[in-house]
Amino acid sequence: MTDNIAWNAVHAGYGRTVAVEDISVSVAPGEKLGILGRNGAGKTTILRAMMGDAKVHRGTVQVGGADVTQRPAFQRNKLGVAVVPQTRDVFRSLTVRENLLSASADAGRLDHAVAVFPRLGERMRNLGADLSGGEQQMLSIARAIMTAPRFLMLDEPLEGLSPTVAHAVMDAVRRMVTDEGLGCVLVEQHVRTVLEFCDRVMVIERGRCAFLGTPDELEAEGTILSRAVGIAAH
Ligand SMILES: Nc1ncnc2c1ncn2[C@@H]1O[C@H](COP(=O)(O)OP(=O)(O)OP(=O)(O)O)[C@@H](O)[C@H]1O
């Protein structure tokens, strides 16, 4: 358990507002947790609470057994947690290479990032602004893995991507989970992708956990999916 990241009875939000309540879940190395819920349910806030970007009113967040609730945001990254935000974290005026090296100057990590996303290797001298949406998403994920995280949290990484590119992105993440033991938290609107990719799924409904279990258990429940996510189970 001490290798995990964990949310322990977390109430979190912005200023005095509480956006999520009583969230408890942990993710082990090599595990894939999906978070589903309607728009505004609180999914991003759960990721932000882990990164120190949302205020934790009650409860604690832990990385590798250490309570990081009161620690500054940059320290969470140092401890091995990275997030790929929904906004795609890419500098448009820098080349792909400069984008990667701005996340970490470690040239060895550059080789790793290109091995994960060979397409970026062909675009090293292109500006971030000149990349396709799919390439920008690959670069955003590649920037996150430059810091050699043990846990990667992805916020709606497939938004706006074609099915082929979405497949390539998820394949790359899957390889890192399998080959490197990366722990993964995936917030995604593509419900089928979450059910197929993840070992466990948490469903958030109006800021609270409505379900936590395996994809099979969730599909068996049926009504939660249609109520909290808006799709039929089958
Ligand atoms: N910076 C902020 N300041 C104040 N309230 C915020 C802020 N960010 C989000 N909220 C509010 O917190 C609640 C949860 O938002 P959150 O972004 O976590 O939901 P979400 O499930 O990720 O939604 P979406 O699927 O639309 O991205 C919403 O009511 C939202 O309006």
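When a ligand or atom number is given, it counts from 1 through the structure's own listing order.
- A donor-acceptor pair is defined here as one N or O able to donate and one able to accept, closer than 3.5 Å; such a pair exists between the side chain of Gln136 and the backbone of Gly128.
- Summary of contacts: the protein heavy atom closest to atom 25 (O) of ligand 1 is Lys43 NZ, 2.8 Å.
- The local environment of CZ in Arg97 is sparse, with at most 12 non-hydrogen atoms from other residues, nucleotides or ligands closer than 6.0 Å.
- In terms of protein heavy-atom proximity, atom 17 (O) of ligand 1 is closest to Thr44 CB, 3.6 Å.
- Within ligand 1, the atoms closer than 4.0 Å to a non-hydrogen atom of Thr45 are 14 (C), 15 (O), 16 (P), 18 (O), numbered from 1 in the order shown.
- Under the 3.5 Å distance criterion, the side-chain polar atoms of Arg143 are matched with a main-chain donor or acceptor of Asn99.
- The number of heavy atoms from other shown groups lying within 6.0 Å of CZ (Arg174) is above 12.
- Under the 3.5 Å distance criterion, the side-chain polar atoms of Arg109 are matched with a main-chain donor or acceptor of Ile145.
- Contacts with ligand 1 closer than 4.0 Å are made by backbone heavy atoms (N, CA, C, O) of Arg38 only, the side chain lying farther away.
- Taking atom 4 (C) of ligand 1 as the reference point, the nearest protein heavy-atom neighbour is Tyr14 CB, 3.6 Å.
- The protein non-hydrogen atom at the shortest distance from atom 12 (O) of ligand 1 is Ala19 CB, 3.5 Å.
- Scanning the protein for heavy atoms near atom 28 (C) of ligand 1, the closest one is Gly40 O, 3.7 Å.
- Less than 4.0 angstrom separates atom 30 (C) of ligand 1 from none of the non-hydrogen atoms of the protein.
- When each atom of ligand 1 is checked for a heavy atom of Gln189 under 4.0 Å away, the hits are 25 (O).
- Under the 3.5 Å distance criterion, the side-chain polar atoms of Lys32 are left unmatched by any main-chain donor or acceptor of Val194.
- Residue Arg175 qualifies as enclosed at atom CZ: its count of foreign heavy atoms under 6.0 Å is above 12.
- The single protein non-hydrogen atom nearest to atom 26 (O) of ligand 1 is Asn39 ND2, 3.0 Å, given as residue, atom name and distance.
- Of the candidates Thr69, Asn8, Asp67, Asn8 is the only one forming a side-chain hydrogen bond (donor to acceptor under 3.5 Å, both in side chains) with Thr60.
- Which parts of ligand 1 touch Glu156 is read off a 4.0 Å heavy-atom cut-off, strictly below it: atoms 25 (O), 27 (O).
- Considering each of Glu159, Gln86, Arg206, Arg48, the one bringing a non-hydrogen atom nearest atom 27 (O) of ligand 1 is Gln86.
- Under a 4.0 Å heavy-atom criterion, Gly42 is in contact with ligand 1.
- Distance alone, capped at 3.5 Å, places no donor-acceptor pair between the Glu180 side chain and the Leu182 backbone.
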